[in-house]
Enquirer: 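Have a look at this one before I ask anything.
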Amino acid sequence: MSNKSPDLYSVPAKFRSLENLHVLFWLVKDICWCIGFKPLGVAMIFPTLSVAVYIMIKNRQIVSELTHNLAIIFWITANSMWMIFEFTGTDEELKNYCLIPFGLGLAILIYYYAVYVPTSRKQTVNVEGKV
């Protein structure tokens with residue numbers, strides 16, 4: 001008999017290293033934005049988004065992970081758009097477009113917490129026969 005709870009989610013060490021690398025990419029991108037180092041800042045968009053998409057795909061079978069990783073992808077997208085708009089001097093005219101991916105990420109999480117989680121809890125209660 002196993003002592004592990006079916007709700008336990010563990011991350012393999014190799015995959016955790018990739019998640020940590022993702023944070024490094026994101027920080028380098030944002031530091032470049034902060035100091036105005038345009039070439040590296042823009043170049044870091046690709047690895048940052050690529051690893052985020054990979055992490056989302058690898059965790060897609062867990063709804064919580066899928067929704068939160070999708071929100072992160074939209075957050076990085078909005079953040080990257082804003083950075084590019086600032087670098088090109090068009091941020092005052094265009095930065096409101098960043099609200100689209102920010103809003104999509106927020107909508108996904110609102111749906112997850114307001115609809116999916118309560119519904120899945122009710123289904124779990126019904127299956128287990130508890131009130």
Side-chain angles (χ1 to χ4, degrees):
M1 189 160 166
S2 174
N3 291 336
K4 289 186 178 182
S5 164
D7 293 336
L8 181 64
Y9 169 63
S10 63
V11 178
K14 278 177 108 175
F15 195 72
R16 176 55 78 189
S17 296
L18 182 62
E19 289 178 331
N20 292 341
L21 183 62
H22 176 247
V23 172
L24 174 66
F25 289 158
W26 198 341
L27 284 172
V28 169
K29 181 189 76 58
D30 280 357
I31 288 170
C32 289
W33 181 10
C34 183
I35 65 173
F37 190 52
K38 298 174 187 179
L40 186 57
V42 173
M44 290 307 295
I45 293 170
F46 180 74
T48 306
L49 267 176
S50 297
V51 174
V53 169
Y54 180 78
I55 290 169
M56 182 208 57
I57 290 169
K58 293 302 269 185
N59 288 305
R60 69 187 180 276
Q61 68 280 3
I62 304 168
V63 175
S64 169
E65 292 294 310
L66 174 65
T67 56
H68 285 83
N69 285 312
L70 268 172
I72 288 169
I73 288 168
F74 284 122
W75 180 5
I76 295 168
T77 300
N79 185 264
S80 299
M81 288 170 57
W82 195 345
M83 178 183 71
I84 290 169
F85 295 159
E86 280 194 10
F87 282 168
T88 59
T90 58
D91 55 312
E92 290 306 314
E93 301 87 44
L94 299 175
K95 74 178 174 185
N96 287 337
Y97 288 105
C98 298
L99 291 172
I100 295 168
F102 277 137
L104 288 170
L106 183 60
I108 288 167
L109 292 180
I110 288 171
Y111 174 82
Y112 175 75
Y113 286 108
V115 177
Y116 181 81
V117 170
T119 303
S120 65
R121 283 189 184 145
K122 286 179 187 174
Q123 289 173 350
T124 302
V125 168
N126 289 338
V127 168
E128 293 175 356
K130 297 179 184 175
V131 178

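Because the structure is predicted, anything quoted here is derived from the model rather than measured. Position 1 is the first residue of the sequence, and the numbers go up from there.
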Enquirer: Rounded at 0.5 Å granularity, tell me how far SG in C98 sits from CD1 in I84.
Expert: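 So the gap between those two atoms works out to 9.5 Å.
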Enquirer: Determine the sole option in L49, V53, I45 for which the side chain to side chain contact (heavy atoms under 4.5 Å, CB included) test with I76 is passed.
Expert: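 Answer after filtering L49, V53, I45: L49.
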Enquirer: Is there a continuous path of hydrophobic side-chain contacts, each under 4.5 Å between heavy atoms, that joins Y97 to V42?
Expert: yes
Enquirer: Enter the distance from W26:CH2 to N79:CG here, rounded to the nearest 0.5 Å.
Expert: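 One gets 7.0 Å once the value is rounded to the nearest 0.5 Å.
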Enquirer: Mind listing the closest non-hydrogen atom pair of F87 and K38 along with its distance?
Expert: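 So the two residues come closest at O-NZ, 3.2 Å.
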Enquirer: If you measure from OG1 on T48 to CD1 on I72, what distance do you get to the nearest 0.5 Å?
Expert: 12.0 Å
Enquirer: Would you call I108 and Y112 a side-chain contact if the rule is heavy atoms closer than 4.5 Å?
Expert: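 Answer no - side chains too far apart.
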Enquirer: Which pair of non-hydrogen atoms, one from W75 and one from F102, has the smallest distance, and what is that distance?
Expert: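 Scanning both residues completely, I find the closest heavy atoms to be CD1-CE2, 3.5 Å.
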Enquirer: Using 0.5 Å steps for rounding, measure from the CG atom of L106 to the CZ atom of F74.
Expert: 12.0 Å
Enquirer: With side chain to side chain contact (heavy atoms under 4.5 Å, CB included) as the test, would you mind laying out the steps for S50 and F25 before giving the verdict?
Expert: CA-CA 10 Å; S50 297; F25 289 158; over 6 Å; no
Enquirer: If you define the side chain from C-beta out and look only at heavy atoms, does anything of Y116 sit under 4.5 Å from T67?
Expert: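 No - every pair of side-chain heavy atoms lies 4.5 Å or more apart.
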Enquirer: Tell me whether V63 shares a hydrophobic cluster with L70, the cluster being built from Ile, Leu, Val, Met, Phe, Trp, Tyr side chains joined at under 4.5 Å.
Expert: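 No, it is not one cluster - the side chains of V63 and L70 are not joined through contacts under 4.5 Å.
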Enquirer: Please give me the minimum heavy-atom distance between R16 and E19, naming the atom from each residue.
Expert: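 Looking at all heavy atoms of both residues, the closest pair is NH1-OE1, 2.8 Å.
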Enquirer: Centroid separation under 6.0 Å, is that true for the rings of Y54 and H22?
Expert: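 Judged by ring-centre distance (under 6.0 Å), H22 and Y54 do not meet the cut-off.
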Enquirer: Is there a path of hydrophobic side-chain contacts, each under 4.5 Å between heavy atoms, that joins L99 and W82?
Expert: no
Enquirer: Looking at every heavy atom in both A43 and P47, which two are closest together, and how far apart are they?
Expert: O-CD, 3.1 Å
Enquirer: What's the separation between atom NZ in K95 and atom CE in M83, rounded to the nearest 0.5 Å?
Expert: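 Answer rounded to 0.5 Å: 15.5 Å.
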Enquirer: Establish whether V115 and L104 are linked, either directly or via other cluster members, by ILVMFWY side-chain heavy-atom contacts under 4.5 Å.
Expert: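 In one cluster: no.
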Enquirer: For I57, does its backbone N or O pair with a side-chain atom of R60 as donor and acceptor, under 3.5 Å?
Expert: yes
Enquirer: Looking only at non-hydrogen atoms, find the nearest pair between G105 and A71 and report the distance.
Expert: O-CB, 3.8 Å
Enquirer: Do you reckon L66 sits in the same ILVMFWY cluster as Y111, going by side-chain contacts under 4.5 Å, direct or chained?
Expert: no
Enquirer: In Å, rounded to the nearest 0.5 Å, how long is the span from CE of M81 to CD1 of I100?
Expert: 6.5 Å
